[in-house]
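In what follows, a structure is listed as structure tokens, so that the remarks can point back to it.
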There are 2 protein chains.
Amino acid sequence: MTATAALQAFAPVPMPAIPVRDVARGNIAKFPTHCSSCGLRESCLPCGLSGQDVDHLNELVYTRRRLKRGESLYRAGDEFSSLYAVRSGFFKTVQTLEDGRDQVTGFHMAGEIMGMDGIGPETHICNSVALEDSEVCVIPYSRIENLGRDMHALRHQFHKVMSREIVREHGVMLLLGTMRAEERLATFLLNLSQRFTARGYSPSEFNLRMTREEIGSYLGLKLETVSRAFSKFQEDGLISVQQKHVQILDVAGLKRCMGQKSDEASRVSGNGMKIA
Amino acid sequence: MTATAALQAFAPVPMPAIPVRDVARGNIAKFPTHCSSCGLRESCLPCGLSGQDVDHLNELVYTRRRLKRGESLYRAGDEFSSLYAVRSGFFKTVQTLEDGRDQVTGFHMAGEIMGMDGIGPETHICNSVALEDSEVCVIPYSRIENLGRDMHALRHQFHKVMSREIVREHGVMLLLGTMRAEERLATFLLNLSQRFTARGYSPSEFNLRMTREEIGSYLGLKLETVSRAFSKFQEDGLISVQQKHVQILDVAGLKRCMGQKSDEASRVSGNGMKIA
DNA sequence: CGGGGATTTGACACATATCAAGAGCGGTGG
DNA sequence: CCACCGCTCTTGATATGTGTCAAATCCCCG
């Protein structure tokens, strides 16, 4: 922790105004909006917070911000001041290596929180880009810190959200470290399906918001490999895919794809059980 | 959040006794120990906390626990109750896939915090294993929650620690997703070197606590590939390696290894700059 | 209707996995 | 003290999955 940061830690922290950057970028919602009346309350940061905290909750989110497709919510190097909850739309976060190589570290949809990687470094370390026209709730980090003092539940909930992000990344590490191309894509599709389901969309039919290249970047594969895997799944009757439109035809088949090495793929018995 | 969890979140949380599990496993230090007098204070969770918080700090860690080499600190599925700070020794955390494949998700040395992945799921999701005789400070999570209410600085510091874990994992994702074998090993060695340095050990000479297989698991490589990369580095005069003993001879050379594709490796100019 | 990015598909290259054998090292017990 | 055993590590030969390069097609969007 830097000396400055240590000072900040003990200074009284006033409720912040809207961060200058956000105002400068325009697109601030005209009317402040509140968690308490938000349809995503149960799947977002305030998840699980009870009625008695509702009034406080409304202090959490001060503004929303709209982004057009392709626009950056924040960039690596930007000063960290707020977290962002996706209200609508779809984002990717991209981390860049000094030599120019980069990788998509996550895709984020409604109710998910972005920007937590900035708390430690006090600077955003990745870029967040809207993959379609989107809207986010701006949650000034100092609000979380302040409200967290009195709201045990919010404090705990916030810890959980960060912890889940760590767990998610463990899963990605496993995927990148141990899975083959088709397994990775199957895992990815099933994960998307599950997240869409949780938001009330169809579990079996959806439009991808990202390109093959972005999928590949996330999965540690080249776009051609992703494309081939899609084709293979279609040949095998597991999915139907046309450009960005995906329909999952055989969930069990996809699950079977996960967790098997290539030479096992052909030896799967008819009842769908893996051969031990 | 489950209903139970929501209840817990609002229930008054008493200062917990020593977790039953830790007592049952024995090896609880006889005398409670305190952060305020700990040599690792500046590199551990309390980093940056000032004098006025010292008294409170001492409530943070209740016990220590000793582990022999090979012993598990916690296992996937164990109920989550505490975080652990490495006081001495060396740990690996391993995550396992349903089909039996597993991966080392991290190596942890003095001052580093383990177990944060358990907060969200309320269950540990990976195994933590001592790679040498080690000692950890047991930090009951409820203490952090309680002390965090009054100690703004601790709350913030804890967020930072979690955030840094997220950032670390982003780095691993990049490594796994975009780097070639030798780059991965170079990155790994330089990272180790840096962490040893920060703890007052030699930056250029150290003993690996883990096997080639464990390194490979962490880096998404097979042990043979790790071994070959070690040999290659030695041939090139970048390191000297004998079994677990490693000496870094050419830091710049290792850094040059990172961030280049194989066909670039031979085209590196004499002054060590990469060819654009 | 045109243009440019996205996607698909093929042929081939190459990095790493796999399989295999042997050497080195450390601990144990006679 | 030495011999043995098991585990780790190294090294070689070969297999294979994915990357690379290239070309054609598709499709969205202006």
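A note on names: the letters A, B, ... follow the listed sequences, proteins ahead of strands, and every chain is numbered from 1. When reading the values below, keep in mind they use all heavy atoms of this one structure, side chains included, and skip hydrogens, waters and symmetry mates. All of these numbers come straight from a predicted model, not from anything done at the bench.
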Listed nucleotide nearest any side-chain atom of A:Arg212, set C:dT7, D:dC9, C:dA17:
C:dT7

Do A:Arg209's NZ or CZ and the ring of A:Phe107 fall within the cation-pi criteria of under 6.0 Å and 45°?
no

Base, sugar-phosphate alone, or nothing: which one does A:Gly220 contact when heavy atoms must sit under 4.0 Å apart?
sugar-phosphate

Identify whether the distance between the nearest side-chain nitrogen and carboxylate oxygen of A:Glu112 and A:Arg168 falls below 4.0 Å.
no

Under 4.0 Å: is that the gap between some side-chain N or O of B:Lys244 and OP1 or OP2 of D:dC9?
yes

Nearest-angstrom distance from the residue atom CZ of A:Phe230 to P of D:dT18:
15 Å

Considering only D:dG19, C:dT8, C:dA17, which nucleotide approaches the side chain of B:Lys222 most closely?
C:dA17

Under-4.0 Å side-chain N/O to phosphate OP1/OP2 contact, B:Thr211 with D:dT8:
no

d(CD, B:Glu214; C1', D:dC7) in whole Å
12 Å

Just how far, in rounded Å, is P of C:dC25 from NE2 of B:His245?
14 Å

Between A:Leu176 (CG) and D:dG17 (C1'), how many Å, whole number?
16 Å

Scan A:Glu224 against the nucleic acid and name what it touches under 4.0 Å (heavy atoms): base, sugar-phosphate only, or nothing.
base

Distance, rounded to the nearest Å, where B:Leu221 contributes CG and D:dC9 contributes P
15 Å

When the distance from CE of A:Met179 to C1' of D:dG17 is rounded to whole Å, what number comes out?
16 Å

To the nearest angstrom, how far is A:Leu219 atom CG from D:dT18 atom P?
12 Å

So if I apply the side-chain contact (heavy atoms from CB on, under 4.5 Å) rule between A:Phe233 and each of A:Leu249, A:Leu185, A:Asp250, which one comes out positive?
A:Leu185

Within this structure, what is the CD-to-C1' distance between B:Gln243 and C:dG24, rounded to whole angstrom?
6 Å

So which one's nearest nucleotide on DNA chain C is more toward 5', B:Gln242 or B:Arg228?
B:Arg228

Are any of the side-chain nitrogens in B:Lys255 or A:Glu98 under 4.0 Å away from the carboxylate oxygens of its partner?
no

Classify B:Arg69 by what it touches in the nucleic acid, base, sugar-phosphate, or nothing, heavy-atom distance under 4.0 Å.
nothing

Could you go step by step and tell me if B:Phe91 and B:Tyr84 meet the ring-ring contact (aromatic ring centres under 6.0 Å, His included) rule?
CA-CA 11 Å; B:Phe91 287 80; B:Tyr84 302 92; 8.6 Å; no

5'-most contact on DNA chain D (nearest-nucleotide basis), B:Ser231 vs A:Leu223, goes to B:Ser231

